Each structure stands twice: as C-alpha cells, then as structure tokens.
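In what follows, a single structure is set out as structure tokens and then discussed.
Please read all numbers here as calculations on a predicted model, not as lab measurements. Every chain is numbered from 1 and lettered A, B, ... according to where its sequence line falls, protein lines coming before strand lines.
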Protein chains: 2
Amino acid sequence: VADDLRIVLVTPRNPLNIGAAARAMSNFGFTRMRLVNPYDVAFKEARSAVRSQYILETAEVFPTVGEAVADCSLVVGTTAGGRRDLHLPLYRLEPAGELLREHLGADQATALLFGSEKFGLSNEDMSYCQWLLRIPSREEHGSMNLGQAVAICLYELRRDAQAATQRFAPTEMATGQDYERFTALLLEALSHAGYVNPITSESTELKVRRLVRRLGLPAADMDMWLGIWRQILWKVRQGE
Amino acid sequence: VADDLRIVLVTPRNPLNIGAAARAMSNFGFTRMRLVNPYDVAFKEARSAVRSQYILETAEVFPTVGEAVADCSLVVGTTAGGRRDLHLPLYRLEPAGELLREHLGADQATALLFGSEKFGLSNEDMSYCQWLLRIPSREEHGSMNLGQAVAICLYELRRDAQAATQRFAPTEMATGQDYERFTALLLEALSHAGYVNPITSESTELKVRRLVRRLGLPAADMDMWLGIWRQILWKVRQGE
C-alpha cells in the first residue's frame, strides 16, 4: 500500500530539501520518490538523508510532470494558496488524507505532487491533478518549507485516529491503600514535627488526606515514597 | 491560547533547523520560541526563516531546561525512542495533541521540548517533563529532522478533525439535465460518425448514457463541453 504512493518533487532546487523529503519518507515508511526536472542533478548529494540513502538511490527522474504521473490513477497536487482561481477542488489536508488513504487502500497507484521551493506548482503542473490539497497553515504565512510539507502530509497518511486513547506505557496509579499508607506516614511525620495542632488535628487529617489524594501517585513510585517518609520519620523522631 | 505554548529547543546545533522550526511556528501561528544553551549563538542567522524573523527576534535564551520551563504548568518532551526505560508516560502524538490542546485551551502555560539534532533530549532534560510524546515514525528509523518534527507537532495541534468533510471549494456537479444534453449530443455525433448500429441503437444509447453518467461532470464545465460537442457535430455533418 505504501508502495503505491509516489512522492513527486517538481523542479526542486535545494538538495537539502530533497534529502529532508527522503528522510521523512523513510521515517513514515514510504519508498518511491520521483523527481521532475530537478534543478541540480547533484540531488544525490542530499546530505541530511544518511539513513534514507536507499530512497534517493532508487528515485526516478523524469523530464515532465506528465511522464512522472503516467502510471497513476490519482494525481493530487499540494498548494499553499487558497485564493487564486485554481480550477480544481481544494481540500484541507485532514479530509484529503482520508481520500488518499482510501485510494491507497485499494492498491491504486497515487501521485502526490510538491512544487518547487520558490514557486510551488505551476498552473500547467496542476492541470495534471484531479484535485489539490492544502496544509492548514495561516493564510498570512501559508508557504511552507518543502521538507516540512512532505513530512506533514506523510504524517497525516500514517496518522491513526484509533490511537487517540492509547498510550505506549500506561501509568498504573497507586491504590487507595497506597494513598492511605502515604497519608499515615506524612501525618506521623507532621505530628512529630509539631505541625499538627492536637485541638484541630481531625480537620488537619482530612486536609492532608485530600492533599495527598490530589497528588496523582504512580503505583510504581510508592516504594520510593514510603522509603522517603520512613527516613524522614526516623530523623524527626531523633530530634525529640 | 497559541501564546501559551512555548516551543523549547534544547541545545540545537544547526541554525537551519532553528530557522525551520521558526518557520513552522509562523506557518501555524505560534510565536514563543525558547532556546536552551544553543550550540551557536549565531542562531539569528537562521536563514530559511525570512518571514519568521519576528519569532527569532523575540526568542528567549536560557542556560538550563529548568529555567526555560519555570513558568509552565505542563512540560512535555518529545522522543523518537520507544524502548528505553523512559520513567515517564509516553503517548503517541495523536492523543498527546489532544492533551496539549486541552491544557492550552484552559490558558495554561505549556512547554513542548525538542532535543538536539544528534542526541535528542537527555535523561536530565526529561526529568523536567510530566510526560513524553512520540511522532509515530517507523521503529526502524524513528529519528526525525528537528524542523520536520516541530512542524508535525504544530500541525497536529492545529489539526481540525471537524474539517474532515469540508472542502475549501466544493465542486458543484452537473445535473441530470446537463448529463442528458451531453449524452444527446454525443449520441448524435456518434450516429453521424457511423458508430451507432441502427439495429442495436437502443442498447447503445443505454450504454452511452451510463458511460457519460460515470464521468462525474462538474457543472461549471458544461458550457465548454456543449461547445465542444456542437463543434464536433458541425464537423461530422460536413463530412456527410
């Protein structure tokens, strides 16, 4: 499926950007880069892409956009502009990502076009596109760095909304019993330290218990906390 | 709300990356950059950030992470690793973005930390964090370019799931009547051109009608299409 996506850079000028695009492709598991009429054939220099060299080595170079997208059943252009007359449907990246994922999910060859750093895609480049997408940057400063634009589009394709409630390492929180042991040791230390006024001690106990419950103690930290309190208790008792 | 987010770059080494981070901030409408012990004080050179100069000019420099996050009630670190013992909850960017948006939505000062290009955040840097986030890059090549990582995180914060069905410029499609006029002219041209066999012409008509309905004609294109067919009709009649 990832092999069905061609990242097509049209007349890129800066080898660093080609390298950055390749790195983002490697980060997100896409492999097929195409270059249309790259400004400098020295694109293989692309330095920031050490671990993405395999992408640059297999990148294909075409003289025209038409040839670069000839085998693709969906051709999508990227643009920073939202105002000029584009003659094409223009989607924000969020819904565009959904449409691209659907097409790729059906194993259909798809091209995603990025224009040159300075001018973006020309009207002629866009005439090869079925539709356009726009990263939701500010209207006042919409134009993005090429490598960053590629990275954001590929992130959107890899984005997993289902992961929205999932952690890599969920933190198990302390139990009520743990909180109670923590509270008891703290109260004992406070008592020895003269913090607790015997007359108001019942309300102090409630206040301290609530204070501790608000802490949010990870279960794994309990042993260290209990050790800390025992040590402090030992010390405050010594002072008596 | 956007003003509540501090983008903190810890010991960044490459002015181009600082510039790229500033540009992404400007693209997505964030303004407060902080730099901890930047490798080269020449960070103001940051060239790729012409239209983001205002961010670099107001960037604050701190000697330590502790000072850079002193006024923040939530401090979140970014990491490419998912395996080493991080001692902190680690979220994927998707749910992390949700948590960050909630915090920022409550006007709470928040810091998002990015480590140096080469080493990422150190264990000491991370000890100032409440939790960590990870961009869902491939395990085999997780380490991202600094500017790209900043851009992706800020895109996630600006991402609008509600936009998922929204287009900038919805394409109004042709009506049934439009399709019928298109079909009638095409059939007439085919008839003059000798394509339609009179014996099977009824089934041909159905086939052609279905063919045309599958096209997906934008309403705005109808005039041009009707003109094209009339011209073709004129020509095929001439040949008779």
Spacing of CD1 belonging to A:Ile152 relative to CG belonging to B:Asn27, to within rounding of 0.5 Å: 7.5 Å
- request: Go through the atoms of B:Phe28 and report whether side chain, backbone, both or neither lie under 4.5 Å from a heavy atom of chain A.
  value: both
- request: Give, as side chain, backbone, both or neither, the part of B:Leu132 having an atom under 4.5 angstrom from any heavy atom of chain A.
  value: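 Neither the backbone nor the side chain of B:Leu132 comes within 4.5 Å of chain A.
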- request: For residues B:Ser143 and A:Arg23, determine if any side-chain heavy atom of one lies less than 4.5 Å from a side-chain heavy atom of the other.
  value: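 Yes. Closest side-chain heavy atoms under 4.5 Å.
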Close side-chain approach of B:Tyr155 to A:Pro136, heavy-atom, < 4.5 Å: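 A side-chain contact under 4.5 Å exists here.
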What do you reckon, is [atom1] of [X] surrounded by more than 12 foreign heavy atoms closer than 6.0 Å?
X	atom1	value
B:Trp131	CH2	yes
A:Arg181	CZ	no
B:Arg158	CZ	yes

field: Top contributor to chain B contacts, counting heavy-atom pairs under 4.5 Å, from A:Ala151, A:Ala149, A:Gly97
entry: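 Most heavy-atom pairs within the cutoff with chain B belong to A:Ala151.
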query: With respect to chain B, which residue among A:Gly147, A:Gly142, A:Ala220 yields the maximal number of heavy-atom pairs within a distance under 4.5 Å?
result: A:Gly147
message: To check you understand the geometry: which heavy-atom pair defines the closest contact between B:Gly29 and A:Arg138, and what is its length?
response: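 Reported closest heavy-atom pair: CA-CD, 3.6 Å.
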field: Closest non-hydrogen atom pair between B:Ser26 and A:His141, with its separation
entry: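 The pair with the smallest heavy-atom distance is OG-ND1, 2.5 Å.
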message: Could you check whether any side-chain N or O of B:Arg159 sits under 3.5 Å from a backbone N or O of A:Glu94, counting only pairs where one atom can act as donor and the other as acceptor?
response: no
